[in-house]
Amino acid sequence: MCIALVGEALVLSLPLVSGLSSISKGKTKFKKRVEVLSQKQKESQTNHGSFLFKKLIFNFNKALETYLTDIKKGKAGRYHNALSKITLKTELISHITFKCYLNGVSQECKRTNLGFTIGQKLQDELNFSDLKKNNKLWFKSLESKVARRASYEFKRSLIIRAANQDLGDTWKLDLGVTHRTQIGLVLLEILRQSTGLFRYENKKLGRNKTVSFIIPTEETLKWIDSFNSRASTLFPYYLPCKETPKDWTSVTSGGYEFPENINWHFIKKKNRQTIEDTYASKDLSLVFAAANRLQQTPFRVSLGSLSNVHLVGSKNNNISDNHLRYPNGTKEWKRCQALFHSRRRRWIPQLILEKTLRELAKEHVSTDLHFPVQADFRGRLYYVPKLLNPQGPDQAKGLLEFAEGRSVRGNEHWFLIGGANRYGIKGTFDERQEWALKHEKWIKAVATDPEQHKSFWLDCDSPTEFLQWCFEFNNWINNRISFHSHLPVKLDHTASGMQIIGLLTGDKELQRLTNLSNSDEPVDLYAELLQSMHAKIIQSGRPESVAWLSMGLDRSLVKSLTVMYMYGGTPHGLKQTVVDWYKSLDKDHFGKTIYFEIDKLLNIYHESLDELTEAPRKFMLSCQQKVNRNESLSWNSLSGFPVTNEYKKTKSTRLRTSVNKEIISFHIKTPTDVLSYRKAKNAVAANIIHSYDAALLHKVLSICDYPIISLHDCYGVHPDNVDKLLKTCKDAICSMFRVDKSNRMCYALS
């Protein structure tokens, strides 16, 4: 066998520490995945299958090239004539053959059956690649339909059926069953000799029938078992901790307490040695203090939300049975049937997410939870546990609350503002407070019977979080004196990226637009930008441009464009943002001229933004001018965190299979040592902004001595701590960016 055996499985003999439950959960999920993929004959997708492929594909490809060379010289074996008819590239033949074998690498199979399967796939690949080459436009029109199919068999049958219908049956080459099987048998023999993964064994099936089987060697089976035993302990499924995680004191010590062989450290997605070399000598005490503050905040599962979180998925599962209104088999019936199944398929991932969240929440009921924290390469902090964490989707956030309840007496206004924020109400703090009191009847009704009154809360910005607040509001109304709130009042920076640009450039207009001035009324940057765009569209007088207004050109699209532009978005990326929004409309208003009209709209957007303030454009240009083609740009953030804007080029070829679009893996190279100037230039503005907002977060969290959650530019604290938080944020902004403290910044966080 041409691979070295992996060492014996790791035996965990450690005291009970915070990471063992995550290791145990990861081990269970790892073994379950291997079992399911083995049953489905898809072992090539397992970790051991991928490892074998990467290690042995070069050996197999080299042996195949030698064999094909011998064919040309007349030295090959008895079936060489059959193999010479497959005119595909050697790498493609190797890829398909090895993947077919690896799908059942640990199981016995009939030699002729596997040989036929390999021959059939190679014949298909030959036919489909020729079909694509000779009928480019036709094949391109079919690709979107093919991509929607899940399995190879469905994709194959769709292409064949469409080609036979449109092109007749002369497009394909049929080698015949015998030749296809012979081709597969030759390739299997080359694979056996070059890898040693399996052997042949003849077995009697009846009195006069003997069949040749492919049997994995004993060494192969031992290696797979050893590999999986060891690998299963290396992929923890990160869970919340029932005890306070270990404080971060260095880049390799803190959070979960894992064994040494697990690649766990403070910086995400980097290996341990790189981490130690880059960060060990840096003073990260402020960053660690911020991360430890988040880790020390205890949470618990909100029982009211847990009982009703299934209702949130019901709005996505509103799939009508229109196909039942038409006679079976008619065109209308087929069209509605396709739409029905398409919508249901899109909803399935959401269903899986909700089920997983409910299961995780049920496992952690009646216990305090803590969430270990890591940082990315810019210093931004992230809760590590999967799905169920305060930075997760709406359902996850709505299932969690502070373990500690605190009185809201004297701070009822912040409690009410927090509820309005969860619903998505904008305006002044007084207007949000009034909205909550004005809708007291509806809110109490939701708390009493969420399902009966879901029309009120399901369509808000954060339905699960708002439902969670409705339960507390009802308790507060019934017992205002002794009521204690467990929910955070969440406040986030106004257009945080633009705030950072305004602070760095000193642009007074941009500071006004992002509520960093003395204004007593909140300013909405995106609303003002939208209003300016509306005026320019009407002023243009073009009916096509005015059509954007009838389509409902809204604040959400303007916000998406601004965020992408501010973070170095390319013209193509901006255009794609508009395309995605346009696709959500009920009608195609522009047809073939859509991209021309999007260009016109983006021109109006850029003109409007420049009229409001030129600071974002000038800031991005100045950032991009700092990028050097031959050297990575590095800097220390204001909290002392080292940041490197480094992006390497990767070298690869675009050789893919025609049907499944599988990349021929051994052509994909690891990142080279050559810097990617284009990637670095596009990313530098975003990375600089994120390093500054991360530094601001570090400063604020290191000062706070009360329970707090964070999501980059968003903070959440008990109602009685909101005023403290606002003062801390204002002081941090003034000290870090040298801003005049006389600015009230009433809505810098809102």
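Heavy atoms only: backbone and side chains are in, while hydrogens, waters and symmetry mates are out.
Between L675 and E646 there is a side-chain heavy-atom pair separated by less than 4.5 Å. V643 places none of its side-chain heavy atoms less than 4.5 Å from the side chain of N645. When side chains are defined from C-beta on, T28 does not count as touching Y237, because their heavy atoms never get closer than 4.5 Å. Taking the side chain as every heavy atom from C-beta outward, I501 and D507 never approach each other to under 4.5 Å. Side-chain contact between I23 and F258 is present, with heavy atoms from C-beta onward closer than 4.5 Å. Counting heavy atoms from C-beta on, the side chains of R678 and N682 come closer than 4.5 Å. Counting heavy atoms from C-beta outward, W469 and L416 have side chains that approach closer than 4.5 Å. The side-chain heavy atoms of V684 and K626, taken from C-beta on, include no pair separated by under 4.5 Å.
The minimum heavy-atom distance linking P488 with R422 is given by the pair O-NH2, 3.1 Å. Looking at every heavy atom in both residues, P385 comes nearest to P372 through CD-O, 3.8 Å. The two residues C729 and Y715 make their nearest non-hydrogen contact at SG-CE1, 3.9 Å. Considering every non-hydrogen atom in both L399 and S305, the closest pair reads CD2-C, 3.9 Å.
No side-chain donor-acceptor contact under 3.5 Å links N515 to the backbone of P522. In terms of modelled atom types and a separation under 3.5 Å, the side chain of Q511 and the main chain of S517 share no donor-acceptor contact. Side-chain N or O atoms of Q499 include one that pairs as donor or acceptor with a backbone N or O of A748 at under 3.5 Å. For Q468 (side chain) and G398 (main-chain N/O), a donor-acceptor pair under 3.5 Å exists by modelled atom type. Of the possible donor and acceptor atoms, one in the side chain of S735 sits under 3.5 Å from a partner among the backbone N and O of A732. Using modelled atom types, no side-chain atom of Q433 and backbone atom of E431 make a donor-acceptor pair closer than 3.5 Å. At least one donor-acceptor pair closer than 3.5 Å links the side chain of W248 to the backbone N or O of V373. For the pair T613 (side chain) and A615 (backbone), a donor-acceptor distance under 3.5 Å is present. Although no hydrogens or angles enter the test, the distance criterion places no donor-acceptor pair under 3.5 Å between the side chain of R293 and the main chain of D705.
A distance of 5.5 Å separates CZ of R378 from CG of N687, quoted to the nearest 0.5 Å. Rounded to the nearest 0.5 angstrom, L638 CG and S691 OG are separated by 7.5 Å. Residue S710 holds its OG atom at 10.5 Å from NZ of K490, rounded to the nearest 0.5 Å. One finds the CD atom of Q395 at 11.5 Å from the CG atom of L467 (value rounded to the nearest 0.5 Å). The structure places OH of Y383 at 10.0 Å from CG of L400, a figure rounded to the nearest 0.5 Å. Rounding to the nearest 0.5 Å gives a distance of 10.5 Å between CZ of F371 and CD of Q391.
Looking at residues two or more places apart in sequence or on another chain, you find a ring pair (Phe, Tyr, Trp, His ring centres under 6.0 Å) between F30 and F235. In this structure H712 satisfies the ring pair (Phe, Tyr, Trp, His ring centres under 6.0 Å) test together with Y382, sequence neighbours excluded. Legend: residues meeting salt bridge (charged side-chain N to carboxylate O under 4.0 Å, His left out) with E472, ordered by chain and number and at least two apart, are absent. Taking the salt bridge (charged side-chain N to carboxylate O under 4.0 Å, His left out) definition, one finds that D713 meets it with nothing, sequence neighbours left out.
Among pairs with a residue in residues 621-650, those fulfilling ring-ring contact (aromatic ring centres under 6.0 Å, His included) read Y279-F641, at least two apart in sequence or across chains. Every pair passing salt bridge (Lys or Arg N to Asp or Glu O under 4.0 Å) that includes a residue from residues 509-522 is listed here, sequence neighbours excluded: E509-R512, R512-E528, D520-R744.
Ring geometry for Y692 versus F737: interplanar angle of 30 to 60°, hence tilted. The aromatic rings of Y256 and Y238 lie parallel to each other, their planes meeting at an angle below 30°, with 60° marking the opposite boundary.
Remark: K699 NZ is loosely packed, at most 12 non-hydrogen atoms of other residues, nucleotides or ligands lying under 6.0 Å away. More than 12 heavy atoms of other residues, nucleotides or ligands sit less than 6.0 Å from atom CZ of R480.
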Can you check side-chain contact (heavy atoms from CB on, under 4.5 Å) on L525 and V523, steps first, answer last?
CA-CA 6 Å; L525 166 67; V523 180; 5.9 Å; no
side-chain contact (heavy atoms from CB on, under 4.5 Å) between I733 and K730, intermediate numbers included:
CA-CA 5 Å; I733 290 173; K730 177 184 175 181; 5.9 Å; no
With side-chain contact (heavy atoms from CB on, under 4.5 Å) as the criterion, how do L516 and V739 come out once you've worked through the C-alpha distance, each side chain's angles and the decisive distance to 0.1 Å?
CA-CA 9 Å; L516 291 172; V739 177; over 6 Å; no
Output, in order, the C-alpha distance, side-chain angles, deciding distance and verdict of side-chain contact (heavy atoms from CB on, under 4.5 Å) for F466 and I443.
CA-CA 9 Å; F466 181 71; I443 296 169; 4.3 Å; yes
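Applying the side chain to side chain contact (heavy atoms under 4.5 Å, CB included) test between P719 and each of L487, I417, V489 identifies V489 as the sole match. Checked against F402 for a ring-ring contact (aromatic ring centres under 6.0 Å, His included), the options H718, H370, H484 give a single hit: H718.
A cation-pi contact, defined as under 6.0 Å to the ring centre and within 45° of the axis, is absent between R555 and Y526.
A donor atom on one side chain and an acceptor atom on the other are found under 3.5 Å apart for D247 and Q296. Residues T428 and D430 have side chains that never bring a donor and an acceptor to within less than 3.5 angstrom of each other.
Between K727 and D731, at least one side-chain N (NZ, or NE/NH1/NH2) sits under 4.0 Å from a carboxylate O, which counts as a salt bridge.
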